[in-house]
Amino acid sequence: MATLSLSLVFHNPLVSPYHSKIGSLSGTQSNWFQSPIRTRTRTKPNSCPIIKAQSGARSESIVIVGAGIAGLATALSLHRLGVGSLVLEQAESLRTGGTSLTLFKNGWRVLDAIGVGNHLRTQFLEIQGMVVKTDNGRELRSFKFKEEDESQEVRAVERRILLETLANELPPGAVRFSSKLAKIEKTENGETLLQLVDGTQLYAKIVIGCDGIRSPIATWMGFPEPKYVGHCAFRGLASYPDGQPFEPRLNQIYGKGQRAGFLPISPTKVYWFVCYNRASLGPKITDGPFLKKQVTELVKDWPSDLLNIIDNTPDDTIIGTPLVDRWLWPGISPPASAGRVVLVGDAWHPMTPNLGQGACCALEDAVILARKLAGAIESGPASVEDALSSYGSERWPRIFPLTVRANLVGSLLQWEDPVVCFFRNNVIFPKLVRLGPLLEHTNFDCEPLQTSVV
């Protein structure tokens with residue numbers, strides 16, 4: 001499959017890609033929800049079009065806010081089930097910045113279910129295992145993933161390529177760019193009014209919020225801001241045009257109050273991160289050379305492999321972010337849905353990256369929500385609301401413990417006390433840690449979605 005073309009095509013900005021395919025439907029569905037005729041999946045991807053904003057009001061059946069991993073995966077999952085949606089993205093094009101993300105077997109099962117797994121596998125290395133070292137280079141422990149779990153699959157993928165792959169599988173006009181949400185309101189008939197910054201108004205029967213950690217839709221639904229966990233991360237993507245020299249394994253390095261890791265993602269690229277404690281958030285810095293200088297100073301006495309990787313990183317790929325999460329306390333936190341508005345991925349459950357499950361859980365959300373929604377829309381609004389509520393009830397017992405566990409793992413690994421660090425390096429990792437139980441959360445059954453047919 002070809003990568004996303006950068007010469008994007010313009011389409012009517014207020015027409016969903018499915019409007020021209022809508023037919024008359026019987027029963028309650030025809031009174032409120034318009035569903036597309038099923039279409040054959042393309043063997044070759046189309047370019048994801050730019051949909052230029054313009055004023056006016058229009059009714060849409062399903063609007064997905066945010067064209068990140070959660071939004072595009074949800075749109076594609078619905079598309080595979082023959083259900084159309086319109087994705088609103090505030091940026092002028094896909095936000096393909098950032099570095100990479102690690103996907104475990106649960107993430108790959110979802111990508112297989114929506115039909116893009118094999119295409120991505122051809123581009124990224126399978127990670128065979130993990131080695132843990134101290135900041136002076138002493139090896140504490142090593143693991144092989146297949147020895148711990150024969151079915152495990154771990155690969156890091158470039159965020160850009162993942163987004164382009166998902167977008168290329170959607171029909172023309174499915175994503176409307178330059179569409180930043182300004183206001184959200186409920187209407188008397190149960191629809192949701194979405195007003196965009198450019199003045200456009202959309203009336204949506206169903207709204208799916210995939211608008212990330214600082215989600216305006218989550219705020220509108222009563223969720224608190226994500227909480228800073230006390231440490232920050234630098235991330236980058238090193239480039240080795242002549243071939244990177246590292247074995248396909250995750251390398252973790254632990255110091256006092258800071259840690260680092262790196263893993264090769266392809267024959268020419270290596271992803272890395274450095275986490276460090278900081279009492280407060282501090283100012284947001286986006287200057288690449290300054291960030292590189294900061295992170296190099298943090299780990300200047302650490303193993304040379306790490307310093308070499310940072311040195312081989314283009315400045316514009318380095319990012320620095322505070323780590324945040326939101327704990328969905330039972331009986332206290334709002335539910336995942338309110339009427340026919342629902343949250344997916346980071347918009348609902350931001351979590352720290354310590355278990356590598358943020359993107360995996362967003363992908364899980366997408367397929368589960370799509371299945372429930374596709375099975376309910378023909379029965380009318382009440383069934384849709386029940387389906388969205390069921391999605392939240394099913395996902396919460398998985399999401400809440402993972403969020404807490406990721407937070408605790410990060411806190412433990414960020415220890416600063418020398419005595420505690422000595423115990424970690426000489427007792428916990430060499431003698432007590434077992435990787436198998438730590439990977440049990442990657443178990444997730446996901447059958448292929450029904451492919452659309454003529």
Side-chain angles (χ1 to χ4, degrees), residues 62-79 85 87-91 94-98 100-104 106-111 113-114 116 157 159 162-163 165-167 170 175 181 206-221 223-227 321 323-328 333-338 341-373 388 391-403 406-407 441-442 444 446:
I62 300 178
V63 175
I64 297 172
V65 181
I69 294 169
L72 294 176
T74 301
L76 183 54
S77 297
L78 288 168
H79 176 59
S85 63
V87 183
L88 302 180
E89 169 54 46
Q90 66 177 350
L94 288 179
R95 288 181 288 172
T96 54
S100 76
L101 47 99
T102 303
L103 298 177
F104 289 79
N106 52 327
W108 287 103
R109 285 180 176 176
V110 173
L111 294 174
I114 60 180
V116 298
V157 303
R159 185 176 183 275
L162 176 57
L163 290 180
T165 298
L166 295 171
L170 292 172
V175 183
L181 185 64
I206 300 168
V207 174
I208 304 175
C210 302
D211 45 346
I213 290 175
R214 305 295 179 186
S215 165
I217 296 180
T219 300
W220 177 79
M221 292 173 63
F223 284 88
E225 284 288 307
K227 184 178 180 181
T321 55
L323 301 186
V324 301
D325 63 15
R326 179 192 290 133
W327 292 19
L328 302 173
S333 298
S337 63
V341 179
V342 67
L343 298 174
V344 170
D346 285 345
W348 181 29
H349 50 74
M351 65 179 70
T352 57
N354 300 298
L355 297 178
Q357 285 299 298
C360 291
C361 286
L363 292 169
E364 292 179 14
D365 288 351
V367 293
I368 290 176
L369 177 62
R371 281 200 172 101
K372 289 182 179 293
L373 192 53
L388 300 185
Y391 151 82
S393 297
E394 179 177 331
R395 294 298 292 156
W396 180 87
R398 176 159 173 79
I399 294 302
F400 180 53
L402 276 177
T403 304
N407 182 293
H441 60 259
T442 65
F444 179 73
C446 188

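On a predicted model such as this, the values are computed, not experimentally measured, just so you know. Atoms considered below: every heavy atom in the structure, side chains included; atoms not considered: hydrogens, waters and symmetry mates.
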Just wondering, do V342 and L373 contact through their side chains at under 4.5 Å, heavy atoms?
-> no
Considering residues at least two apart in sequence or located in another chain, which fulfil the side chain to side chain contact (heavy atoms under 4.5 Å, CB included) criterion with P350?
-> I213, P226, R326
When rounded to the nearest 0.5 angstrom, what is the spacing between CG in D325 and CG in D346?
-> 11.0 Å
What are the two closest non-hydrogen atoms of L103 and W108, and how far apart are they?
-> O-NE1, 3.2 Å
Reported CD-to-CG distance for the pair Q90 and L181, which is rounded to 0.5 angstrom | 9.0 Å
Minimum heavy-atom separation for S77 to A370, with atom names?
-> CB-CB, 3.5 Å
Measuring from S333:OG to F400:CZ, what's the distance to the nearest 0.5 Å?
-> 7.5 Å
Taking all heavy atoms of Y391 and all of I368, pick out the closest pair and write down the distance.
-> CD1-CG2, 4.1 Å
L369 side chain near L388 side chain, heavy-atom distance below 4.5 Å | yes
Polar side-chain atom of R159 near backbone of R95 as donor-acceptor pair, under 3.5 Å = yes
Checking side-chain contact (heavy atoms from CB on, under 4.5 Å) for the pair L72/V175: CA distance, chi angles, key distance, verdict?
-> CA-CA 9 Å; L72 294 176; V175 183; 4.1 Å; yes
Just how far is it from atom CG of L343 to atom CE of M221, taken to the nearest 0.5 Å?
-> 4.0 Å
Distance (rounded to the nearest 0.5 Å) between S393 OG and K372 NZ | 8.5 Å
Do T219 and E225 touch side chain to side chain, with heavy atoms closer than 4.5 Å?
-> yes
Non-hydrogen side-chain atoms of V116 and L76 separated by less than 4.5 Å | yes
Under the 3.5 angstrom rule, does the side chain of T352 hit a backbone N or O of A406 as a donor-acceptor pair?
-> yes
Write down the atom of S85, the atom of A75, and the distance for their closest heavy-atom approach.
-> OG-CB, 3.7 Å
Could you give me the CA-CA distance, side-chain angles and deciding distance for I208 and L78, then say whether side-chain contact (heavy atoms from CB on, under 4.5 Å) is met?
-> CA-CA 12 Å; I208 304 175; L78 288 168; 4.2 Å; yes
Atom pair CG (L355) and OG1 (T102), whose distance is rounded to the nearest 0.5 Å | 12.0 Å
Would you be so kind as to tabulate the donor-acceptor pairs closer than 3.5 Å made by side chains of residues 358-367, with sequence neighbours excluded?
| residue | atom | partner | partner atom | Å |
| --- | --- | --- | --- | --- |
| E364 | OE1 | R395 | NH1 | 2.9 |
| E364 | OE1 | R395 | NH2 | 3.0 |
| E364 | OE1 | R398 | NE | 2.6 |
| E364 | OE2 | N106 | ND2 | 2.8 |
| E364 | OE2 | R398 | NE | 3.4 |
| E364 | OE2 | R398 | NH2 | 2.9 |
| D365 | OD1 | R395 | NE | 2.6 |
| D365 | OD1 | R395 | NH2 | 3.0 |
| D365 | OD2 | G345 | N | 3.0 |
| D365 | OD2 | H349 | NE2 | 2.5 |

Side chain of S215, backbone of D211: donor and acceptor closer than 3.5 Å?
-> no
Student check: side-chain heavy atoms of L166 and I114 closer than 4.5 Å | yes
Do you know the tightest heavy-atom contact between T403 and W327?
-> CG2-CD1, 3.7 Å
Closest approach of L163 to T96 (non-hydrogen atoms, all atoms of both residues) = CD1-CA, 4.5 Å
Can you find a pair of side-chain heavy atoms, one from F223 and one from I217, that are under 4.5 Å apart?
-> no
